[in-house]
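Here the structure is a predicted model, which means the values were calculated and not measured. FYI, the numbering just counts along the sequence from 1. Only this structure's heavy atoms are used, side chains among them; waters, hydrogens and symmetry mates stay out. Counting starts at 1 for both ligands and their atoms, following the listed order.
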Amino acid sequence: MDVYGYELLEEKMPKHVAIIMDGNGRWAKKRMMPRLYGHRAAMKTVHNTVKLASDLGIQVLTLYAFSTENWSRSKEEVDGLMSLVVEYIKREINELHANNVILKIIGDKNHLPLKVIKAVDSGMHQTEKNSGMILNIALNYGGREEILHAIKKMIRDGIKDDEITEDLMMQYLYTANQPDPDLMIRTSGEKRLSNFLLWQNAYSEFIFDDVLWPDFDAKTFCRLIAEYQNRDRRFGAVK
Ligand code: FPP
């Protein structure tokens, strides 16, 4: 199918796309505006990206909204980001539901502000029986924290060492029952993983693009999917 001028093959559509939405601060700075202005502009990009991913038949979209390290930002920015998450869920949840999207939060949810916990619980509850795209919002998420969380839970469940397999480990991660990301995108030109989906990204294709997240549009998304579809994925094997 031709989408925004790119020939995308349905059979090669990534099942799971994960995105590090970077560059909001720089986008705002270029306009001599406060950082939160960039995060607010980012919400429009989130809206459009979720809709396009769902329309393209992508099964899972994971967006890195707030890392376990982001608490070290100014109180103003942290509070602003938390309010934006609540605002996003309240404003978008009915449309997400109408589009059959399942909202999930990955990360250490319990240590978020109460208003965020309430909004995400309500959003997850409303959409849990849907059967379309899974939208994972990574909130207070860290890949190392996720792995430790999984190991602690296995111990509490009395799992014996010889019962621990890769499949079991995957069941204990926040992304249980989801395919690993096929495509991991980071915007803004930074070439780092920043503690994102450490286990799950083992065989993902990485694309680092210079676009700042608020400027990431449908055409850019299609260009990156086309680039992904041209990659030769070998998973460690020889063809
Ligand atoms: C990175 O840009 C972006 C973030 C740390 C926050 C992303 C959050 C949102 C887009 C809002 C909430 C999202 C959802 C899905 C409800 P940066 O601030 O590090 O930019 P910089 O590197 O240019 O400073």
Side-chain angles (χ1 to χ4, degrees), residues 17-54 58 60-97 99 101-109 112-113 115-124 126-127 133-143 174-175 184-197 208-217 220-221:
V17 177
I19 308 182
I20 302 180
M21 312 180 285
D22 202 2
N24 301 344
R26 275 163 284 167
W27 186 91
K29 196 170 177 209
K30 281 209 301 195
R31 288 159 180 78
M32 302 207 289
M33 294 296 277
R35 297 177 57 79
L36 271 169
Y37 182 76
H39 296 314
R40 186 162 278 288
M43 306 295 281
K44 193 162 183 263
T45 311
V46 169
H47 173 92
N48 295 338
T49 305
V50 169
K51 180 74 174 62
L52 180 58
S54 163
I58 288 166
V60 185
L61 177 70
T62 301
L63 301 176
Y64 206 178
F66 195 89
S67 76
T68 45
E69 290 74 35
N70 286 150
W71 295 107
S72 62
R73 295 191 176 195
S74 73
K75 182 172 179 333
E76 186 193 4
E77 186 170 353
V78 170
D79 290 351
L81 281 168
M82 292 297 155
S83 298
L84 279 181
V85 171
V86 174
E87 187 183 316
Y88 172 79
I89 294 174
K90 288 192 172 158
R91 196 178 55 216
E92 308 266 341
I93 197 66
N94 288 336
E95 186 177 331
L96 291 172
H97 188 42
N99 288 327
V101 170
I102 304 159
L103 176 71
K104 292 214 156 128
I105 299 300
I106 61 168
D108 182 8
K109 203 183 73 182
L112 290 165
K115 66 172 181 180
V116 181
I117 298 178
K118 279 187 180 164
V120 300
D121 280 348
S122 150
M124 288 196 296
Q126 187 177 340
T127 59
M133 186 180 81
I134 296 174
L135 170 62
N136 291 318
I137 299 184
L139 262 187
N140 194 19
Y141 175 88
Y174 295 127
T175 52
M184 213 290 296
I185 295 170
R186 183 171 191 148
T187 58
S188 89
E190 305 293 347
K191 297 176 182 66
R192 288 187 291 275
L193 192 50
S194 299
N195 204 10
F196 192 41
L197 303 172
F208 299 100
D209 198 75
D210 285 340
V211 68
L212 302 177
W213 177 251
D215 293 328
F216 182 95
D217 58 10
T220 311
F221 197 11

Expected output: side-chain Arg26 to main-chain Leu212 donor-acceptor under 3.5 Å: no

Protein contact of atom 22 (O) of ligand 1 - nearest heavy atom, named by residue and atom, plus distance: Arg26 NH2, 2.9 Å

Protein heavy-atom partner closest to atom 3 (C) of ligand 1 - residue, atom, separation in Å: Met21 O, 3.1 Å

Atom 10 (C) of ligand 1 - nearest protein heavy atom and its distance: Ala42 CB, 3.4 Å

Carboxylate-amine/guanidinium contact Lys51 Glu92, below 4.0 Å: no

Part of Thr45 within contact of ligand 1 (heavy atoms, under 4.0 Å): neither

Shortest reach to atom 19 (O) of ligand 1 by a heavy atom, considering only Arg73, Arg40, Glu190, Glu77: Arg73

Test side chain to side chain donor-acceptor pair (under 3.5 Å) applied to Lys115 - qualifying residues, sequence neighbours left out: Ser83

Atom 20 (O) of ligand 1 [closest protein heavy-atom partner, distance rounded to 0.1 Å]: Gly25 N, 3.0 Å

Gly23 to ligand 1, any heavy atom closer than 4.0 Å: yes

Sub-4.0 Å heavy-atom contact, Leu84 with ligand 1: no

side-chain contact (heavy atoms from CB on, under 4.5 Å) between Leu96 and Tyr88, intermediate numbers included: CA-CA 11 Å; Leu96 291 172; Tyr88 172 79; 4.2 Å; yes

Partner set under side chain to side chain donor-acceptor pair (under 3.5 Å) for Lys109, not counting sequence neighbours: Asp121

Distance from atom 12 (C) of ligand 1 to nearest protein heavy atom, with residue and atom: Met43 SD, 3.9 Å

Nearest atoms (heavy-atom pairs only) where Ile185 meets Val17: CD1-CG1, 4.1 Å

Protein residue, atom and distance nearest to atom 13 (C) of ligand 1, heavy-atom basis: Ala65 CB, 3.8 Å

Distance from atom 4 (C) of ligand 1 to nearest protein heavy atom, with residue and atom: His39 CE1, 3.9 Å

Any donor-acceptor N/O pair, Arg186 side chain to Arg192 backbone, under 3.5 Å: yes

Min heavy-atom dist Lys29 to ligand 1 below 4.0 Å: no

Within-cut-off N or O pair, Arg35 and ligand 1, under 3.5 Å: yes

Residue that, paired with Phe66, satisfies ring-ring contact (aromatic ring centres under 6.0 Å, His included) out of Trp71, Phe196, Tyr141: Trp71

